[in-house]
Amino acid sequence: MRLLFQRLVSAPQAKHTRNPAKRVIPIAVLPLLLAAVLPILAALYLADRQTRQDEIAYLETLADETLRRGINSRMQLVQALEAMKREPSTPCSPANLERMRQISAVSLHLRGMGVIQDGQLRCSTLSASPRPEAIDGKRFVTATGIEAWTDARLPFAPEQPFNIYARHGYATIIHPEVILDIPRKSPDIVIGLVISNPKTVTRERGKVLPAWLERYTPHQSAVIDDGTHLVVFKASKEHNIAGVAASLKSGIHRSVWRTALFLVPIGLFGSALFGYAVVVLTRWGLSVPAQLREALKRHDMYVRYQPIVDMRTGRWIGAEALLRWQKPDGTHVPPDEFIASAEKVGLIQDVTRYVTDIVLRDLPTLLKIQPGFHVSINFSALDMQEGGPIDYLRERLHRLQIPPETLIVELTERGLFDMAQTQPLLEAVQAMGVRVAIDDFGTGYSSLSVLESCKLDIIKIDKLFVAAIGTQAANSPVTTHIISMAQKLGIELVAEGVETQAQADFLRDSGVQYAQGWLYARPMAIEELRFKLRPMPI
Ligand code: C2E
Ligand code: CA
Ligand code: CA
């Protein structure tokens with residue numbers, strides 16, 4: 001029996017306890033995905049751009065330094081050649097060689113000098129050979145009229161390539177790597193010095209590719225991206241040379257990935273936090289009106305019925321509909337709280353219509369079991385307005401063909417303070433055959449005047465007075481006064497919050513016929529109420 005009962009009761013509850021997060025998650029998926037992906041993409045994009053800019057700036061300093069050293073080297077060799085042009089001694093004479101040695105010694109860049117004739121070194125400061133030595137290398141003439149050899153091999157050191165620059169019959173011999181002795185962050189980085197016209201690489205560390213030279217416009221600094229390399233040319237305006245530096249783009253990508261490896265976990269963590277916040281905000285951060293509207297829409301609010309008992313017979317003659325709100329996380333919001341919120345944000349009429357709908361849906365099934373049963377609905381003072389829930393109730397009762405005397409509208413005493421406005425509406429309720437109960441009676445200040453000015457059907461004695469029974473205030477004059485006045489006016493009395501038999505006995509002996517309270521029953525689901533109203537099989 002108990003099992004059957006539990007099943008009956010638990011079925012409709014499942015509707016209220018389903019996990020609403022399921023609905024929230026699809027709404028949150030898009031922001032969550034965006035939250036996860038966007039910061040990472042943005043971080044990677046920024047990291048890529050930043051790394052590229054940093055790399056270009058780094059290559060620019062290398063190319064600049066190479067050019068600066070190249071210009072120094074060039075000035076020294078031009079000065080040396082000019083100095084020898086003015087030299088009065090006979091070429092290759094001991095004095096002449098001595099002079100070239102002196103000039104080479106004081107120069108940072110010159111390894112030696114020599115006298116050049118028909119493309120051969122007739123004599124040089126580096127060799128004692130009496131015979132002219134052929135220069136084996138790549139020969140060209142610069143736009144400024146200097147005859148030059150790169151990768152030149154001399155018989156005394158065939159393994160060592162030199163650069164040779166000659167003018168006025170004299171040659172300077174230069175170690176091509178001297179100016180390239182620049183520290184680089186990676187050996188993959190190419191640096192070099194090029195002659196702008198004709199475009200020729202004179203010194204390089206790594207390989208300055210011909211394709212880069214092709215895209216280089218003489219005397220114009222430039223950044224070239226050939227797909228695999230970033231190449232920076234720094235050109236001199238006055239001198240016919242340019243420094244070049246290049247690095248592999250794969251190195252940049254590696255560095256971006258390193259940054260990404262560092263950023264992605266941070267991004268993911270940030271996204272997770274953000275996503276969590278989105279979910280939390282979506283679920284809980286809604287404003288009170290939005291939460292209430294959502295609760296009504298999703299039927300997170302439901303009604304519990306608390307029986308009203310005839311104390312003389314113990315029979316359940318009616319029940320009060322009490323609204324409940326269970327939030328999606330399972331927590332219950334006390335009705336006092338959400339009713340006050342609904343009143344504050346102007347949603348109370350929606351709440352009352354919602355309860356009315358449920359009660360009018362449930363009532364016929366109760367009447368079938370126990371004809372004459374009645375259900376009370378709590379109305380707020382704000383419901384007592386024209387066009388509000390009263391009209392709604394009238395229209396629904398009519399349409400559903402429900403006997404109006406089976407309904408009671410409960411109004412708190414506090415809600416009746418503006419009698420001038422409320423009285424016509426109270427009368428309108430009674431005119432449709434629905435009874436009016438005054439709730440929490442005794443807690444307001446207008447009790448007597450209210451009773452005198454309008455004909456109420458029922459008074460609900462507030463549980464404060466009931467709780468006082470059995471204490472010192474047991475025979476509170478207020479309680480007895482309320483009772484005698486109600487009897488005199490022919491108003492029915494319902495005592496609220498009856499928890500003990502002593503309270504029940506006292507009330508009954510004092511002439512109160514009906515009671516509501518935990519002594520008899522707690523608020524319950526409609527299924528339980530129906531079940532308990534059913535006549536017991538004999
Ligand atoms: P109320 O209209 O005075 O309702 C009676 C309250 O007393 C209910 O509290 C009920 O659960 C509680 N109660 C019943 N028997 C006992 C008892 O023996 N001892 C004690 N201590 N309490 C008992 P509940 O359900 O928490 O509702 C609180 C208030 O919220 C209601 O007071 C009513 O003013 C308001 N409320 C509830 N449902 C609605 C509604 O649908 N519309 C409006 N406007 N107000 C509602
Ligand atoms: Ca009530
Ligand atoms: Ca009450």
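Counting starts at 1 for both ligands and their atoms, following the listed order. What's counted below: heavy atoms across the whole structure, side chains too, no hydrogens, waters or symmetry copies.
Less than 4.0 angstrom separates atom 4 (O) of ligand 1 from at least one non-hydrogen atom of the protein. There is a protein heavy atom less than 4.0 angstrom from atom 19 (N) of ligand 1.
Near D336, meaning under 4.0 Å from one of its heavy atoms, ligand 1 places the atoms 28 (C), 29 (C), 30 (O). Within ligand 1, the atoms closer than 4.0 Å to a non-hydrogen atom of V355 are 41 (O), numbered from 1 in the order shown.
Taking a 4.0 Å cut-off on heavy atoms, P523 registers as neighbouring ligand 1. Using 4.0 Å as the threshold, Q516 has no heavy atom nearer than that to any atom of ligand 1. Distances shorter than 4.0 angstrom occur between a heavy atom of R324 and an atom of ligand 1.
Atom NZ of K297 is surrounded by 12 or fewer heavy atoms from other residues, nucleotides or ligands within 6.0 Å.
Polar contact with ligand 1: present for N378 (N/O pair, distance under 3.5 Å). Among the atoms of L322, none of the N or O lies under 3.5 angstrom from an N or O of ligand 1. For the pair E320 and ligand 1, the shortest N or O to N or O distance falls below 3.5 Å.
Screening V208, V244, L62 for a side chain to side chain contact (heavy atoms under 4.5 Å, CB included) with I191, the sole residue that qualifies is L62.
Listing protein N, O or S atoms at distances below 3.0 Å from the Ca ion (ligand 2), with waters left out, gives E320 OE2, N378 OD1, E410 OE1, D439 OD2.
With respect to the salt-bridge test (charged N to carboxylate O, under 4.0 angstrom), the residues K460 and E496 qualify.
Take W316 and apply the ring-ring contact (aromatic ring centres under 6.0 Å, His included) test, not counting sequence neighbours, and it matches no residue.
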